[in-house]
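Remember, it's 1-based here, ligands and their atoms both numbered in the order they're listed.
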Amino acid sequence: NKAKPKRGSSCKTCSLCPPRIDDGFFSLRYKPQSQQLQDIADTCIKVGDCSAAKDSKYRTYDETCNNLRFPMWGVTNSALVRLLQPKYSDGVSKHRKAQDGSDLPNARLVRTTVLKDKMVKDKKVSYLFSVFAQYISHDTARTSQAAANFTSCCNGNKWPGQVPVNCTSTRIPDNDPFYKKFGVTCQGRIRSLTTDDFGCPLRPHQHVIPVTHFIDQSLIYGQNKQDMEKFKGKNGLLQVSEIDKRIFPKSNANPQAVCDIRQGDRGICFDAGDPRPNQNPPFTALVTIFVRFHNDFAKKLLKLNPKMSADDVFEETRRVMIAVEHFIVRKEWLHLLIGREFMIQAILNYTNIDYDNNYNEFVNPSTLNEFMNGAYRGGHSTIIDKLNIHSQGKTQAMVLNDWLNRPQFAVDNFDPILKSVCTTQMPKQDIHGSFAMNNLFFRRTRPFGLDLETTSIERDREAGFAGFCDYMETLLGEPKINSWNDLKRYFTQETIGNMRKVYKHWRDVDMYVGGVSECPVGTSMFGKLFTAIIADQFKRWLLGDRHSPTFKDGPGKFTKAQLKQLNKITMSYLLCKYGDKLDHVPSKPFEIKSKKVVCKDLPDIDMTPWKL
Ligand code: HEM
Ligand SMILES: [Ca+2]
């Protein structure tokens, strides 16, 4: 069943892309790494005894002892892992230098010259795809910031001369096409935490994330047991808030500090296992759907088994929630991201969920630095600047920048948002970001804001990634790149021309910039490099998880009868059941052209396989 992609077939909107004469990714020399030895970053984490966790059906909350041989793999506050050694100029933490020893070109200049603002719509995929992509990102990654005051990173909006401690501010060129009008010469940013901050003198340093690396709904349940206790309610339920007779995530105890609450607003602000449930209204809506699902399933479980303890109801429901998240990734979502043919190559082709023997204790399930600070940030080009919402015969535009950290919009327009994300075409995953995200981001009441993609370039440099050419040659085994001309294998002429305006040498091109600019390969949304990194990452998460819901010898496996029911909990099921009152939803909600499901015709899942 090895489906072969047609050569250059995915260059639908980009007729100028080169044919992928190397036959796409099927000839990759790159192999997902299985690590026989502890990753060096593991030396930072000490984990105690795993005997209690060994046979438990349930994961620990910080994921310690998921892997019994390497019990620190993927746990909260552990370091990312790397596919390639970094190229820090001092071997430890300082930015990579250009080939001639000078600094790499200014990140904002690279952004405006190579990654230009433009909105191209995807013909196949709905905006819900992007919202779910962010769900996975908040489950598995988060840039933790060093102790610094954001406003101190620039001198007002002016370049401070010397970047203050713990900041990685970007100098905005004086002749910037947008910021010049406003006299802005600095974009502030706080550096991310590294192993050094945790007293672990790794050389070169590595970045640490404050979340469990696994796909495990930690964005709902928290990153450790103590966190979880904050969200656990009575009878196995999650604590929730009730607004206008509907269920939403728990209210935030510090709404003024966490949310953007303006005069006349209702003061709505939520809290969840990851602190970003309020970030944008469609995302808040998706978090709410999963919170509602937890409480509905938990109630049914307790009704069926009145003697079950509240703790068991909570744990079992969490286990189901995680399985549902995994199954949506495997069955409905991942093939749209990296292409079915690549899923097959990476042994990730699940269309029907059944037992497997895929767990491999030598696969490190940790989040890759190249994924978090590289490939997956490319997804920012799929963020919509405004979403048209149809409600009560009227259409209003939700301008995303006006509704960041203001979840009230999601509460007031819950079903209309769900309908809209299913029927709106997603901005295409490509070299372009939106003007709104890359000039106006978080502008609040100002006429200008931040540039999210400049931040991605800066995070690549903080991570010390080798250049794009090194990645292609060393990681993917591509032929040596000896000239700008050789880059024609991967980019359009226009992209190469733009790169040449800012980079002095082709080997200077940043990994992020090259990766996001690459023409797509096969039916993947990405080029070869980002496809390979993302496939490797999902392989780690799905195959390196002892608690995989389908691992046949695993402690977390479901019975056959339970699996049959879980197979029915699809994205359309969740929308129908946990939207407020939707009549119908698409049967494939991540795809624009999809048949309808009439919600009242959709049977509930049968709970009997959970009868004790
Ligand atoms: C409206 C939607 C979104 C907004 C407002 C948003 C905003 C942000 C912000 C502010 C950061 C932190 C930047 C930094 O300081 O380093 C970030 C990081 C990140 N974003 Fe997004 N993002 C959105 C959607 C997405 C999507 C759709 C994806 C993936 C396809 C994604 C993937 C990531 C990743 C991997 C990171 C780095 C890890 C982290 O800090 O969470 N984001 N995003
Ligand atoms: Ca997680």
Which of the ligand 1 atoms, numbered from 1, are nearer than 4.0 Å to a heavy atom of A133: 30 (C)
Nearest candidate to atom 28 (C) of ligand 1, where distance is taken over non-hydrogen atoms, out of F441, Y376, Y127: Y376
F214 N/O/S atom closer than 3.0 Å to the Ca ion (ligand 2): yes
Residue part near ligand 1, for Q279, under 4.0 Å between non-hydrogen atoms: side chain
Under 3.5 Å side-chain donor-acceptor pair for Y376 and Q537: no
Metal-centred angle, OD1 of D139 through the Ca ion (ligand 2) to OG1 of T212, rounded to 10 degrees: 150°
Over-ring placement of R276 relative to F270, 6.0 Å and 45° cut-offs: no
Shortest protein heavy-atom distance from atom 11 (C) of ligand 1, along with the residue and atom involved: L452 CD1, 4.2 Å
Check: D176 side chain, Y179 main-chain N or O, donor-acceptor pair, under 3.5 Å: yes
T455, portion touching ligand 1 at heavy-atom distance under 4.0 Å: side chain
Atom 36 (C) of ligand 1 [closest protein heavy-atom partner, distance rounded to 0.1 Å]: R377 CG, 3.9 Å
Aromatic plane relationship, Y512 with F530 - under 30° parallel, 30 to 60° tilted, over 60° perpendicular: tilted
The Ca ion (ligand 2) contact by S218, N, O or S atom under 3.0 Å: yes
Ligand 1 contact on L400 by region, counting heavy-atom pairs under 4.0 Å: side chain
Closest protein heavy atom to atom 32 (C) of ligand 1, given as residue, atom name and distance to 0.1 Å: S137 OG, 3.6 Å
Ring pair (Phe, Tyr, Trp, His ring centres under 6.0 Å) partner of F178, chosen from F441, F435, F448: F435
Stepwise side chain to side chain donor-acceptor pair (under 3.5 Å) test for R540 and T367: CA-CA 8 Å; R540 286 166 185 268; T367 302; over 6 Å; no
Whether over 12 other heavy atoms sit under 6.0 Å from K331 NZ: yes
Within 45° cone of F283 ring axis and under 6.0 Å: R406 NZ or CZ: no
For A141, the ligand 1 atoms whose distance to one of its heavy atoms is below 4.0 Å: 38 (C), 41 (O)
Heavy atoms from other residues, nucleotides or ligands near CD of E229 exceed 12 (cutoff 6.0 Å): yes
Sub-2.5 Å SG contact, C186 and C153: no
Winner among R276, H138, M372 once heavy atoms are compared against atom 41 (O) of ligand 1: R276
Atom indices of ligand 1, in the order listed, that fall short of 4.0 Å to a heavy atom of S130: 27 (C)
N, O or S atom within H380 nearest to atom 21 (Fe) of ligand 1, by name: NE2
Shortest protein heavy-atom distance from atom 40 (O) of ligand 1, along with the residue and atom involved: T143 OG1, 2.7 Å
Presence of N, O or S from Q217 under 3.0 Å of the Ca ion (ligand 2): no
Nearest to the Ca ion (ligand 2) - the N/O/S atom of D216, by atom name: OD1
The Ca ion (ligand 2) contact by E63, N, O or S atom under 3.0 Å: no
Atom 16 (O) of ligand 1 - nearest protein heavy atom and its distance: R459 NE, 2.6 Å
Protein heavy atom at shortest distance from atom 3 (C) of ligand 1: Q134 NE2, 3.2 Å
K94 to Y88, cation-pi by 6.0 Å centre distance and 45° axis angle: no
Y135 and F132 aromatic ring geometry - parallel, tilted or perpendicular at 30°/60° bounds: parallel
Residue K419 excluded, over 12 heavy atoms near NZ under 6.0 Å: no
Close-contact set for ligand 1 against N280 heavy atoms, below 4.0 Å: 1 (C), 2 (C)
